[in-house]
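Encoded as structure tokens, the structure appears first; notes follow it.
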Amino acid sequence: MREEYNFEEIENKWQSIWKSENVFSVKEDPGRKKYYCLEMYPYPSGKIHMGHVRNYAIGDVISRFKTMSGFNVLHPIGWDALGLPAENAAIKHGVHPKEWTLDNIAYMKKQLQRMGFNYDWSREVSTCLPEYYRWCQWIFLKLFEKEQAFRKKSWVNWCPSCSTVLANEQVISGLCWRCDAEADQKQMEQWYLKITDYAEELLSGHSRLSSWPEHVLAMQRNWIGKSTGAHVTFPVVGSSQTVEVFTTRIDTIFGATFLVLSPEHPLSADLIGDSADRDSHMAWIKRKIEEQRLSRDEGEAEKEGIDTGKKAVNPFTGEDIPIWIANYILMDYGTGAVMAVPAHDERDFEFAGKYGLSIRVVITPDGMVPKKEPEEATEAYGRLIQSGRFTGKSSRSAMEEMALFAEEQGFGSKSTLFRLRDWGISRQRYWGTPIPVIYCKDCGIVGVPYEELPVQLPSDVELKGEEGSPLARNESFVHTACPKCGGPARRETDTMDTFVDSSWYFFRYCSPGETGLPFQPEAAKYWMPVDLYIGGVEHAILHLIYSRYFCKVLRDLGLTDRDEPFPHYLPQGMVIKDGSAMSKSKGNVVDPDEMIRKYGADTLRIFILFASPPEKEFAWNEKGIEGSFRFLNRIWSFFQENADLFNEYEFNAAEGSEADETVRGLRTKMHQTIRNVTVDIDKRFHLNTAISSIMELLNRMKADRDCLRTSEMGRSALREAMEILIRMLSPFAPHLCEELWQKLGHQQILVHGEWPAFNPELAREETVTVVVQVNGKLRDKFEVERGTAEEEVKSRALKLERIQQILVGRTVRKVICIQDKLVNIVA
RNA sequence: GCCGGGGUGGCGGAAUUGGUAGACGCAAGGGACUUAAAAUCCCUCGGAGAGUCAUCUCUGUGCGGGUUCGAUUCCCGCCCCCGGCACCA
């Protein structure tokens with residue numbers, strides 16, 4: 001009587017064995033090579049979704065494979081457990097964020113375990129626990145001491161729906177990244193981290209991230225936004241004031257026929273101070289500031305400006321040029337003022353055209369005749385004309401010289417500008433890490449002493465969704481004594497952006513129980529960096545740039561010697577269905593629990609890895625999962641049909657002459673499969689083709705089965721193939737494979753088994769198919785012994801009947817022969 | 001507009017260094033088993049045409065050129081799709 005493939009029984013059995021034998025827990029072992037495989041930890045929103053399943057299945061296969069390949073593998077998981085949804089749930093359902101979060105964690109943990117993932121649960125980390133966030137506070141205080149954390153009043157993005165501040169990165173085309181409400185602008189005093197200090201290093205560090213996908217590096221590059229150029233100072237005529245501008249095109253400065261200030265520029269109001277139209281101009285400025293703030297993410301507005309009536313001196317030409325104020329100049333980039341070169345800048349050209357300002361061409365692109373009245377701006381480099389002492393030079397190479405000249409003359413300097421802003425981390429919410437700072441009337445801003453950490457979140461807090469931080473309304477939290485003078489003082493009531501928590505959690509995994517420091521430097525030295533980081537590309541700029549920054553900061557605090565936390569990042573594609581991402585609002589969500597119930601975790605794992613390579617989108621398809629289920633069933637029944645081989649052990653392989661063709665063929669196929677699967681997992685991360693190679697091997701075993709079973713050697717070859725197949729499949733379908741491995745008579749569990757060794761001798765086919773082409777077109781093929789001499793292969797090809805027919809009436813001019821592959825006859 | 005990534009059957013996707021295009025799977029069609037169905041197993045499966053039907057020819061990897069004995073792969077030009085940034089001086 002044949003057994004059915006009872007996935008539920010098998011999966012439960014092995015999950016409890018893995019758990020009771022604690023097989024996934026790892027320790028530092030300096031004698032062994034380590035491998036740190038990490039997937040982005042989840043936000044405990046309630047349930048695992050397919051995106052998680054895919055992400056974690058990829059990491060699970062890689063880490064199981066690496067373990068079998070002899071590495072000491074760290075594969076941890078934890079929870080990004082602070083954040084707004086918990087608080088919103090509290091407001092909506094009256095459940096405390098902590099309770100809500102811990103319940104979700106408990107549920108999702110069960111789901112992950114039900115998938116059979118090989119996490120070392122002893123290293124589990126939850127950012128909402130004081131044992132974790134105390135170290136966020138510790139790091140913050142260190143940064144505060146180094147002036148890497150500082151307070152600044154400025155315009156901030158404000159989400160009215162979440163009633164909190166958002167970092168620039170968290171505003172996506174004008175909307176809150178979390179709730180899609182339209183973000184406002186507000187002026188507030190906030191805590192910032194000085195990530196801009198590391199702008200240059202964050203950019204140059206890209207050279208060490210060569211295995212990151214190009215588009216991710218490009219996004220970061222854009223975000224950092226380095227531009228090299230020069231600052232130039234223009235004195236205001238009849239005043240001691242000056243206007244400083246930044247330009248990347250100092251070569252065009254002889255064509256600078258006016259200056260333009262942002263409406264927000266501090267001088268804007270000043271310069272129109274004594275003009276006749278003062279009041280209307282002031283009103284205009286106010287209106288434009290407002291408009292710029294509101295429309296900043298709505299694309300380009302019609303260019304508008306006003307003449308201040310004042311002039312400035314172009315220090316290169318000595319000419320007086322008008323100073324304008326216009327809405328196309330941004331205050332928060334560069335100096336908030338530009339030199340306008342209408343002949344060589346599209347925007348300035350458009351503006352000059354509208355207001356009749358003069359245009360002077362100072363560059364001719366090579367081989368072109370300069371026009372007095374150009375129809376468009378020419379931004380190309382070329383030869384300088386009308387440029388005083390620089391006339392005739394190449395504009396590109398003159399830039400250096402002109403910047404140097406400005407420097408010598410004292411009205412400018414070479415400089416570099418970054419688009420990257422300091423990271424605003426203050427959030428006016430409850431469910432985050434309290435910023436460990438005390439405000440004292442006499443002593444000012446005082447850090448909470450290290451020995452008093454953590455500053456705990458009070459549990460008795462009312463969450464009703466009113467504006468302002470809930471902590472600010474909690475009297476017993478707010479009122480405290482100044483650590484310096486002992487006088488009455490107030491606690492900071494803002495909490496940290498949760499991206500702070502996630503910027504170093506991967507260090508914490510190295511020594512999660514550490515009580516004296518955020519993590520043990522020795523443990524981190526062993527495990528870090530993360531060898532493979534897997535997660536959604538939506539974090540390409542936010543999380544990944546913050547984490548890179550934190551790694552450098554922790555390095556400068558002496559806690560680690562690593563410069564980069566994630567030398568290899570593998571972004572995984574979205575899981576979609578019916579053409580769009582799975583979401584409740586679309587109603588196209590597929591529940592992993594339901595799939596596990598129906599097909600089992602192994603099938604779900606196989607399917608989600610099989611249909612496309614990790615970096616591509618994965619399109620859910622109900623029929624597809626049945627195909628994966630069938631595959632596992634075919635394996636199960638194949639083993640049932642050959643159960644008599646379970647107890648035959650050694651492959652007493654006489655290679656070569658004694659083995660018949662089928663045996664040799666199977667072993668060749670087997671070793672080719674080992675090679676392909678190994679390369680696919682280890683080098684290419686193409687788990688889909690790894691699975692299809694294993695399918696091919698099974699197909700071959702099934703096809704040759706009857707023939708193989710007729711001989712002793714055949715049976716033993718078949719048994720060997722069954723073992724190899726199971727070992728290779730085990731990272732993908734670990735439960736089924738453990739079960740079959742046990743049936744094959746093994747005592748030791750497969751988790752600790754060895755990855756099959758590849759033997760190139762055996763993978764090499766003894767005979768190969770040589771393709772015969774005539775003028776590049778496939779005409780015939782024949783079998784030949786591997787390594788047959790070129791001359792013989794050529795003459796055999798030419799003697800083929802079909803080839804002879806085709807060659808009738810033609811002259812063979814040339815015969816190209818590629819060893820063991822192809823003959824191409826040119827005739 | 002700028003930057004990045006792509007375009008291969010009905011579908012998801014293979015093709016490792018320029019050398020048999022379409023592996024593996026899904027769907028579809030046909031057959032076996034069955035009273036019947038499901039499951040399972042076997043066969044066919046890019047398009048067009050011919051046929052002596054256990055075959056052959058032409059054509060085919062977004063479009064147009066080029067290099068080469070040979071191009072999905074390399075080069076030039078174009079079209080389209082996706083992602084990111086966007087008045088960044």
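So you know, we letter chains A, B, ... as the sequences are listed, proteins then strands, and number each from 1. Scope of the values below: all heavy atoms of this structure, side chains included, with no hydrogens, waters or symmetry mates. Small disclaimer: the values here were computed from a predicted structure and weren't measured.
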Spacing between A:Asn633 atom CG and B:A38 atom P, to the nearest angstrom: 18 Å
Glycosidic conformation of B:G9, taking syn as within 90° of 0 and anti otherwise: syn
Secondary-structure notation, RNA chain B, from Watson-Crick and G-U pairs under 3.5 angstrom (| other strand): (((((((..(((......[....))).(((((.......))))).(((((....)))))..(((((..]....))))))))))))....
Polar side chain donor-acceptor pair, A:Glu783 to A:Thr769, under 3.5 angstrom: yes
Ring geometry between A:Tyr355 and A:Phe351 (parallel below 30°, tilted from 30 to 60°, perpendicular above 60°): tilted
Between B:A21 and B:G60 - P atom distance, rounded Å: 12 Å
Interatomic distance at P, B:C3 relative to B:U73, whole Å: 24 Å
Enclosure of A:Lys354 NZ (heavy-atom neighbours >12, cutoff 6.0 Å): yes
For A:Arg221, all residues meeting side chain to side chain donor-acceptor pair (under 3.5 Å), sequence neighbours excluded: A:Glu214
Touch class at under 4.0 angstrom, heavy-atom based, for A:Pro213 against every strand present: nothing
Residues forming a side chain to side chain contact (heavy atoms under 4.5 Å, CB included) with A:Arg287, sequence neighbours excluded: A:Trp284, A:Glu291
Salt bridge (Lys or Arg N to Asp or Glu O under 4.0 Å) partners for A:Glu346, two or more places apart: none
Candidates B:G13, B:C24, B:C3 - which lies nearest the side chain of A:Asn688: B:G13
Spacing of the P atoms in B:A50 and B:U68 (rounded, Å): 38 Å
Closest listed nucleotide, where the reference is the side chain of A:Arg802 and the choices are B:C87, B:C56, B:G12: B:C56
C1' atoms of B:G12 and B:C53, separation to the nearest Å: 34 Å
Sugar-phosphate, base or nothing in reach of A:Arg813, heavy atoms under 4.0 Å: nothing
Sugar-phosphate only, base, or nothing, as touched by A:Ile694 at under 4.0 Å among non-hydrogen atoms: nothing
Side-chain heavy-atom pair A:Phe631, A:Ile694 within 4.5 angstrom cut-off: yes
Selection from B:A89, B:G13, B:U20 that lies nearest to any side-chain heavy atom of A:Leu330: B:A89
A:Lys414 bridged to A:Glu400 by N-O distance under 4.0 Å: yes
A:Phe234 CZ to B:A89 P, straight-line distance once rounded to whole Å: 16 Å
First of A:Ala218 and A:Glu696 reached from the 5' end of RNA chain B, by closest nucleotide: A:Ala218
Length of the NZ-C1' vector between A:Lys702 and B:C41, whole Å: 8 Å
Between B:C78 and B:G22 - P atom distance, rounded Å: 33 Å
Pairwise 5' ranking along RNA chain B for A:Glu350 and A:Phe618, keeping only the more 5' one: A:Phe618
Residue A:Pro613, side-chain atoms from C-beta onward, closest of B:U20, B:C3, B:G13: B:G13
Spacing between A:Asn327 atom CG and B:C87 atom C1', to the nearest angstrom: 9 Å
Atom pairs under 3.5 Å: protein N/O with N/O of nucleotides 25-30 of chain B:
from, atom 1, to, atom 2, distance (Å)
B:G25, OP1, A:Asn699, ND2, 3.3
B:C26, OP1, A:Arg630, NE, 3.2
B:C26, OP1, A:Arg630, NH2, 2.7
B:A27, OP2, A:Arg630, NH2, 3.4

Whole-angstrom distance between B:A36 and B:C56, as gauged at atom C1': 43 Å
Sequence-distant partners of A:Tyr328, side chain to side chain donor-acceptor pair (under 3.5 Å), two or more places apart: A:Asp348
Closest to the A:Asn676 side chain, choosing from B:C24, B:A89, B:U16: B:U16
Residue list, side chain to side chain contact (heavy atoms under 4.5 Å, CB included) with A:Thr689, at least two apart or on another chain: A:Asp680, A:Arg684, A:His686, A:Ser692
Pairs where residues 248-258 of chain A contributes a residue and the test salt bridge (charged side-chain N to carboxylate O under 4.0 Å, His left out) is met, not counting sequence neighbours: A:Arg249-A:Asp251
Pair up each side-chain donor or acceptor in residues 603-618 of chain A with any protein partner under 3.5 Å, not counting sequence neighbours, and list the distances.
from, atom 1, to, atom 2, distance (Å)
A:Thr603, OG1, A:Tyr599, O, 3.2
A:Arg605, NE, A:Phe732, O, 2.9
A:Arg605, NH1, A:Asp60, OD2, 2.9
A:Arg605, NH1, A:Met115, O, 3.0
A:Arg605, NH2, A:Asp60, OD2, 2.5
A:Arg605, NH2, A:Pro731, O, 2.9
A:Ser612, OG, A:Arg54, NH2, 3.4
A:Ser612, OG, A:Glu617, O, 3.1

Span that lies between the P atom of B:U17 and that of B:U55, in whole angstrom: 34 Å
Rounded distance in Å - NZ (A:Lys577) to C1' (B:G12): 16 Å
Nearest-Å distance for atom pair CD/P, residues A:Glu641 and B:C41: 9 Å
Options B:G4, B:C24, B:G84, nucleotide nearest the side-chain atoms of A:Met219: B:G84
Nearest-angstrom distance from the residue atom CG of A:Leu687 to C1' of B:A14: 15 Å
Which atom pairs link the protein and nucleotides 67-71 of chain B when you take only N or O atoms and keep those under 3.5 Å?
from, atom 1, to, atom 2, distance (Å)
B:C69, O2', A:Asn824, ND2, 3.3
B:C69, O2, A:Asn824, ND2, 2.5

Please list, one pair per line, the donor and acceptor atoms closer than 3.5 Å that link side chains of residues 800-808 of chain A to other protein atoms, with sequence neighbours excluded.
from, atom 1, to, atom 2, distance (Å)
A:Arg802, NE, A:Arg779, O, 3.0
A:Arg802, NH2, A:Arg779, O, 3.1
A:Gln804, NE2, A:Leu798, O, 2.7

Euclidean distance, atom NE2 of residue A:His215 to atom P of B:G6 [Å, nearest integer]: 10 Å
Sugar-phosphate only, base, or nothing, as touched by A:Lys616 at under 4.0 Å among non-hydrogen atoms: sugar-phosphate
side-chain N/O A:Arg779 vs B:U57 OP1/OP2, d < 4.0 Å: yes
Atom C1', compared across B:G47 and B:G9: separation rounded to whole Å: 9 Å
Closest listed nucleotide, where the reference is the side chain of A:Ser227 and the choices are B:A89, B:G4, B:U20: B:A89
Residue pairs passing the ring-ring contact (aromatic ring centres under 6.0 Å, His included) test where at least one lies in residues 802-827 of chain A, sequence neighbours excluded: none
